[in-house]
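The block underneath contains the structure these notes are about, expressed in C-alpha cells.
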Amino acid sequence: MAETITNITHSWRADFPIFETEMNGKPLVYLDSAASAQKPRAVIERINHLMNCNYSNVHRGLYKISQSLTEGFECARSKIHHFANISDDYDVIFTRNATEAINLVAHSWGRTSLLEGDEIILSEVEHHANIVPWQLINKNNKFSVKFIPMHEDKKLDLDAYASLLNERTRLIAVNHVSNALGIKNNIKKIISLARHFNPGIKILIDASQSIVHDQVDFSEIGADFYVFTGHKLYGPTGVGVLIGQHHLMNDMLPYQGGGDMIEHVTTSGSTYKPSPHRFEAGTPAIMEVIGLGTAIDYLVDIGMARVAKHENDLLKTATNAIKDIDGLRIYADVPDKAPIISFTADWGHISDIAMILDQCGVAVRTGHHCCMPLMQKLGIEGTIRASFGLYNTENDIDRFIGALKKARTLLT
C-alpha cells in the first residue's frame with residue numbers, strides 16, 4: 001500500500017507550489033487541511049491571470065471584460081450545482097465562508113421563523129459557527145436550543161435525538177463530518193427521523209468537512225440548507241457557499257442591503273431581486289468565486305472517488321503508526337471516518353508537542369478546534385489534530401511519526 005500511496009500522489013503533490021518550500025529548514029509536511037487546504041497551481045494561476053489581464057466588476061458592465069468575468073463568475077455557480085448534484089429547486093448563494101452562510105440562515109430565516117417557545121436541535125459535536133449564530137438571535141427570539149448527545153464511541157446518540165423531537169421543533173442544524181474528530185454523522189437517518197415526525201421541520205447541514213473528502217450527493221440527502229467553505233476545498237479564502245431551497249430563499253428577507261441585490265430603490269422603500277442575487281449585496285468576491293470554480297474543475301479531473309481512497313489509505317496507515325507510540329490516546333478511533341486524527345499524550349502538553357513537530361517541519365493544529373462544548377464533554381482542553389489532504393504521502397506520515405517519537409524522547 002505504501003507504494004500505491006506514493007505513486008498516486010506524485011503528480012498531485014507537484015501541482016501545489018507550496019511543497020517546493022521549507023518550514024524551519026525542513027521540507028514541509030502539511031497536516032492541517034481540516035483548517036485550510038493548500039492551493040493547486042491551477043487556482044493560483046487562474047486568479048493571477050484575471051488580476052493581471054482581465055479584471056473588472058461583474059453584473060454591471062456592457063463592455064467585454066466585464067461580460068467575460070460575469071460569465072466566469074456565474075459559471076462557478078453552475079459548477080457547484082453539478083459538483084454536488086444539486087437540483088434546480090435549490091439556489092447557490094456565495095458568502096464569505098461557511099460561517100457567514102449559517103449566519104445568513106440564522107438572521108434571514110431564523111429571526112422571522114423562530115418564535116418564543118420554539119425549539120431547535122444542534123449537536124454536541126458542532127463547530128462554534130453552528131452554535132453562536134443561533135445564540136445571537138436567541139437573545140430576542142427566546143426559543144430553546146437542544147443538543148444531540150454523543151455515545152461513548154463519539155457518534156451521535158440517535159435514540160436520544162429522536163426523543164428530542166416534538167411539536168415545537170422547528171430546525172435541525174448539524175454537521176456532516178466533525179471537524180474536530182472526523183466522525184461522519186448519519187445525516188440521512190437524522191433527516192429521515194425529522195421528516196417522519198414533521199415534514200415541516202427545516203434541516204441545515206454543514207458540509208464543510210465532507211464535501212472535500214468524497215463525492216457528496218446533496219440530492220440524496222434532502223436537507224433544506226447546506227453550507228460549505230471554499231478554502232477547505234482547495235480554493236481561495238473569502239468565499240463560502242449556501243445552498244438553499246429556492247422557495248425558502250425567496251421567502252426570506254435579505255441578510256444585507258446594498259448594490260446588486262435590488263430591483264428598485266426609492267427614498268420610501270426598496271424591492272429586491274429573487275434569490276440567489278438578493279443575498280449577494282455589493283461587489284462580490286469575484287476572483288475568489290472564480291478560483292473556487294477552478295478548484296472544483298481540478299477535483300473533478302482527479303475524481304473524488306480517487307481522492308477518498310487515497311485519503312482513507314493515509315488515515316489507516318497513520319492511525320496504525322500512532323498506535324505504536326506509547327502514551328498517545330486517539331479520540332474517535334472508529335471505522336468510516338474522515339482523514340482526521342485527534343489525539344493527546346500522557347507524556348506531554350499538546351502545545352509542547354506541536355512546537356517540537358514545527359521544528360521538524362510538520363504542521364499540525366492544536367486546541368479546541370472551535371468545538372469547546374465537545375472538548376468539555378470529553379473532559380480535555382484540546383487535542384493535537386493531524387488532517388490529511390490529497391497531496392499528502394506516506395513519506396509525510398513517516399516524518400510525522402518520527403517527529404512524534406522525537407517529541408516523546410524530549411518530553412519524558
Side-chain angles (χ1 to χ4, degrees), residues 1-3 5-6 8-10 12-40 179-182 209 212-213 231-232 234 307 310-333 337-371 380-412:
M1 185 171 65
E3 183 179 353
I5 291 174
T6 303
I8 284 177
T9 55
H10 176 73
W12 300 348
R13 190 176 182 88
D15 292 337
F16 293 80
I18 194 168
F19 295 113
E20 299 169 8
T21 66
E22 295 182 340
M23 185 171 75
N24 291 321
K26 309 285 195 312
L28 173 63
V29 175
Y30 186 77
L31 302 180
D32 197 23
S33 294
S36 194
Q38 297 297 338
K39 316 308 171 194
N179 72 294
L181 302 179
Q209 294 290 346
V212 303
H213 297 302
H231 67 94
K232 299 182 195 296
Y234 304 96
V307 172
H310 168 67
E311 292 179 344
N312 288 335
D313 288 345
L314 285 172
L315 176 64
K316 291 175 184 176
T317 300
T319 301
N320 290 334
I322 285 177
K323 288 179 179 179
D324 288 337
I325 302 176
D326 291 337
L328 292 184
R329 178 182 179 185
I330 298 175
Y331 292 85
D333 181 15
K337 59 180 283 192
I340 294 171
I341 306 175
S342 280
F343 62 96
T344 56
D346 61 18
W347 40 260
H349 191 275
I350 57 175
S351 296
D352 294 332
I353 297 169
M355 285 189 288
I356 294 172
L357 266 58
D358 168 58
Q359 293 304 307
C360 295
V362 179
V364 295
R365 187 154 294 258
T366 61
H368 52 68
H369 314 299
C370 294
C371 295
I380 56 178
E381 65 172 305
T383 67
I384 299 169
R385 185 185 67 189
S387 53
F388 304 95
L390 63 85
Y391 34 63
N392 289 121
T393 65
E394 189 181 59
N395 181 62
D396 288 342
I397 296 173
D398 291 341
R399 294 265 313 283
F400 171 48
I401 298 301
L404 280 176
K405 290 178 178 178
K406 179 177 181 180
R408 185 175 185 275
T409 298
L410 292 173
L411 296 173
T412 55

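Since the structure is predicted, the reported quantities are computational estimates derived from the model, not experimental observations.
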Straight-line distance of Met23 CE to Gln359 CD, nearest 0.5 Å: 8.5 Å

When you measure from the side chain of Lys39 to the backbone of Phe16, do you find a donor-acceptor pair of N or O atoms at a distance under 3.5 Å? no

Taking atom CG of Asp15 and atom CD of Gln38, what is their separation to the nearest 0.5 Å? 13.0 Å

So, the side chain of Asp358 versus the backbone of Ala354: is there a donor-acceptor pair under 3.5 Å, distance only? no

Check: Val212 main-chain N/O paired with Lys232 side-chain donor or acceptor under 3.5 Å: no

What pair of heavy atoms forms the shortest contact from Leu357 to Ala407, and how long is it? CD1-CB, 4.4 Å

Given 3.5 Å as the limit, does a donor-acceptor pair link the side chain of His310 with the main chain of Asn392, or not? yes

Which heavy atom of Pro27 sits nearest to which heavy atom of Glu22, and what is that distance? N-CG, 4.1 Å

Taking the side chain as C-beta and beyond, is there a heavy-atom pair between Asp396 and Leu314 under 4.5 Å? no

Which heavy atom of Phe388 sits nearest a heavy atom of Ala318, and at what distance? CZ-CB, 3.6 Å

Is it true that atom CZ of Arg365 has more than 12 heavy atoms of other residues, nucleotides or ligands lying nearer than 6.0 Å? no

Measure the OG1-CD1 distance between Thr344 and Ile350 for me, rounded to the nearest 0.5 Å. 8.5 Å

4.5 Å side-chain heavy-atom contact, Ile356 and Leu411: yes

I'd like to check the salt bridge (charged side-chain N to carboxylate O under 4.0 Å, His left out) partners of Glu20; sequence neighbours left out, ordered by chain and number. Arg41

Ignoring hydrogens, what is the shortest heavy-atom contact between Ala34 and Arg385? Give both atom names and the distance. CB-CZ, 3.7 Å

Would you check if Ser33 and Tyr391 make a side-chain contact, meaning some heavy-atom pair closer than 4.5 Å? yes

For Glu311 against Pro339, the heavy-atom pair lying closest together: OE1-CG, 3.6 Å

I'd like to know whether Phe343 forms a side-chain contact (heavy atoms from CB on, under 4.5 Å) with Ile322, so could you lay out the CA-CA distance, the side-chain angles of the two residues, the decisive distance to 0.1 Å, and finally the verdict. CA-CA 9 Å; Phe343 62 96; Ile322 285 177; 4.3 Å; yes

Show, in sequence, the C-alpha distance, side-chain angles and deciding distance for His213 and Val307, and conclude whether the side-chain contact (heavy atoms from CB on, under 4.5 Å) test is met. CA-CA 7 Å; His213 297 302; Val307 172; 5.7 Å; no

Check: Leu31 and Phe400 side chains under 4.5 Å, non-hydrogen atoms: yes

Rounded to the nearest 0.5 Å, what's the gap from CG on Asp333 to CG on Asn320? Could you check? 8.5 Å

Can you tell me how far OG1 of Thr393 sits from CH2 of Trp12, rounded to the nearest 0.5 angstrom? 12.5 Å

Using 0.5 Å steps for rounding, measure from the CG atom of Leu404 to the CG atom of Asp324. 12.0 Å

Please give me the minimum heavy-atom distance between Ser342 and Thr383, naming the atom from each residue. OG-OG1, 3.4 Å

Keeping the roles fixed (side chain from Asn179, backbone from His369), state whether a donor-acceptor pair exists under 3.5 Å. yes

Here the salt bridge (Lys or Arg N to Asp or Glu O under 4.0 Å) pairs for residues 402-412, sequence neighbours left out, are none

Can you check whether Lys316's main-chain N or O pairs, donor with acceptor, with Thr319's side chain at less than 3.5 Å? no

